[in-house]
Amino acid sequence: MTSFQEILSKKSLFKDPSVLSPHYVPSELPFREAQIKEIMEILSSALKNQKPRNLFIYGKTGTGKTCSVKHVMDKFNNYDSNSVMMYLNCRIYNSRYRVLQKIMKQFVPELDKSGFGLPFFYEKLVEELGKSKQLIVVLDEIDMVKDLDELVYTLTRANDEVKVGGITIIGISNKLSFKNELDPRSRSSLYEAELIFPPYTSVQLQHILLQRIGIGFENNCVEPSAINLAAAITAQECGDARYALKLILKAGEIAQQNGRQQVTDEHVELARKKVELDLAAETIALLPDNLKIVLYAIASITQNGSRYSRLDGLEEGFLFSGEVYEEYAKVSNILHKKPRSVRWYKEYLNDLEMLGLLTSTPSGKGVRGHTTLIKLGYPAADIVDLLKHSLHL
DNA sequence: CCTCCACAGGAAGCGCAGGAGT
DNA sequence: ACTCCTGCGCTTCCTGTGGAGG
């Protein structure tokens, strides 16, 4: 019989687990001094009231892009000047309209609601910059902006119109290919300066882990070889620092549940499987309902077996786009929601694929003509479980 | 060869929310 | 109070595509 006494008497391995969370911003960013310095140098001209060059930052997820920029932003905004630096994530502000609205909300608070036209925002912006202001706008995940060409054009035009102030864009993206999709004109204005954040190497990850473990864990609770293993796994997978931190956090939790005093290689290996799913769960939780339903439909067919793909001798786990839509419509009805049209469902599929939750391939040679084959990116049972709760099924 | 299937994805346009101007 | 405007999510309609099957 378990008692609270028993649980509480177990010595905790953690001093402060929040240090391991991805939201924790460390005061020191190891291996990013050079990048931070370069950003600061570019932005410094704003403090002399000259418009800095636009900056584009590229690097894979978890290479410290956002962290570094926010770090600089703190320093910038604490420096007494007529300039303002602001951060927005384009996953939320994903159109020219929304970005402009968000920017202007800083200066005119009642602009929260919709209904104002773009020209109105533009006028306000020019007016505001006219007060000899230097405005720095950080656009994180800039590739999410649907009409980026227009946005860049609008902003550069605003720059031309004012004599004194100016607006500078710092774009952040982890999509390399996106550069080629841009209109050449907006490309050249967006890429006035470019900065690349390389993935962390195994050795660098070891340092980062050591730094955080020192604050987050009790002393000597993590075996050095476990740290090395976590760093090596991460470097091989992606070089994403957040992944490494999550890995060591989960390993710690597993060790603790098993009543161990130390985190070992074995715990890191066990954590590895959990972390992948955990990261997926985070993205899934933020999904709009319809995307969740589509994903649920895919997972549930995968779990219960496909009526068609099996008899067509298809590789396990691949589904037809058509049968997924049928299932999606069915589940929608159960939830008393009107299913969206096929056309829009296809957009949903694209979104889900973009987020890495599924993969799809055109069927090519196969039975029943032409279709898209869909495969879930994670174990179906786990996804079903996850979504059953969040959809109240 | 033609036609049908099962899709992809562009174009137009609709309803809604929430302004502005009158 | 009314009309008109805008952005956005979405539907409707359409054309295109490559293999299957007659």
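So that the names make sense, note that chain A is the first sequence line, chain B the second, and so on, each numbered from 1.
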So, is [X] close to the [N] phosphate, meaning a side-chain N or O under 4.0 Å from OP1 or OP2?
{"X": "A:Trp344", "N": "C:dT11", "value": "no"}
{"X": "A:Thr372", "N": "B:dA8", "value": "yes"}
{"X": "A:Ser95", "N": "C:dG7", "value": "no"}

Quick check: are there more than 12 heavy atoms from other residues, nucleotides or ligands sitting under 6.0 Å from [atom1] of [X]?
{"X": "A:Lys175", "atom1": "NZ", "value": "yes"}
{"X": "A:Lys51", "atom1": "NZ", "value": "yes"}
{"X": "A:Arg260", "atom1": "CZ", "value": "no"}

How many Å lie between [atom1] on [X] and [atom2] on [N], as a whole number?
{"X": "A:Glu326", "N": "B:dA6", "atom1": "CD", "atom2": "C1'", "result": "12 Å"}
{"X": "A:Lys346", "N": "B:dG9", "atom1": "NZ", "atom2": "C1'", "result": "7 Å"}
{"X": "A:Glu347", "N": "C:dT12", "atom1": "CD", "atom2": "P", "result": "15 Å"}
{"X": "A:Tyr325", "N": "B:dC7", "atom1": "OH", "atom2": "C1'", "result": "14 Å"}
{"X": "A:Asn350", "N": "B:dC7", "atom1": "CG", "atom2": "C1'", "result": "13 Å"}
{"X": "A:Glu323", "N": "B:dC5", "atom1": "CD", "atom2": "C1'", "result": "16 Å"}
{"X": "A:Tyr93", "N": "C:dG7", "atom1": "OH", "atom2": "P", "result": "18 Å"}
{"X": "A:Asp351", "N": "B:dG9", "atom1": "CG", "atom2": "P", "result": "13 Å"}

Checklist entry - CG/A:Leu355 to CG/A:Leu286 distance, rounded to the nearest 0.5 angstrom? => result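 That separation rounds to 10.0 Å.
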Categorize [X] for me: base, sugar-phosphate, or nothing, with a 4.0 angstrom heavy-atom threshold over every strand shown.
{"X": "A:Lys338", "result": "nothing"}
{"X": "A:Tyr345", "result": "nothing"}
{"X": "A:Ser341", "result": "base"}

With 3.5 Å as the limit, what N/O pairs link the protein to nucleotides 14-22 of chain B?
from	atom 1	to	atom 2	distance (Å)
B:dG18	O3'	A:Ser114	O	3.2

Checklist outcome for this item: The residue, A:Gly117 or A:Arg98, whose nearest nucleotide of DNA chain C is more 5′ is A:Gly117
Next on the checklist: Salt bridge or not between A:Glu218 and A:Lys15? Use side-chain N to carboxylate O under 4.0 Å.
Outcome noted: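 No, no charged N to carboxylate O under 4.0 Å.
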Checklist entry - For the ring pair A:His207 and A:Tyr200, is the centre-to-centre distance below 6.0 Å? => result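 Here the rings of A:Tyr200 and A:His207 have centres that are no less than 6.0 Å from each other.
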Item to check | Any donor-acceptor N/O pair under 3.5 Å between B:dG10 base and A:Arg343 side chain | outcome: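 It does, because a donor-acceptor pair links the side chain of A:Arg343 to the base of B:dG10 below 3.5 Å.
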Checklist entry - Which nucleotide in the set C:dC8, C:dG9, B:dC7 lies at the smallest distance from any side-chain heavy atom of A:Lys146? => result C:dG9
Next on the checklist: For A:Glu33, give me all partners under salt bridge (Lys or Arg N to Asp or Glu O under 4.0 Å), at least two apart in sequence or on another chain.
Outcome noted: none
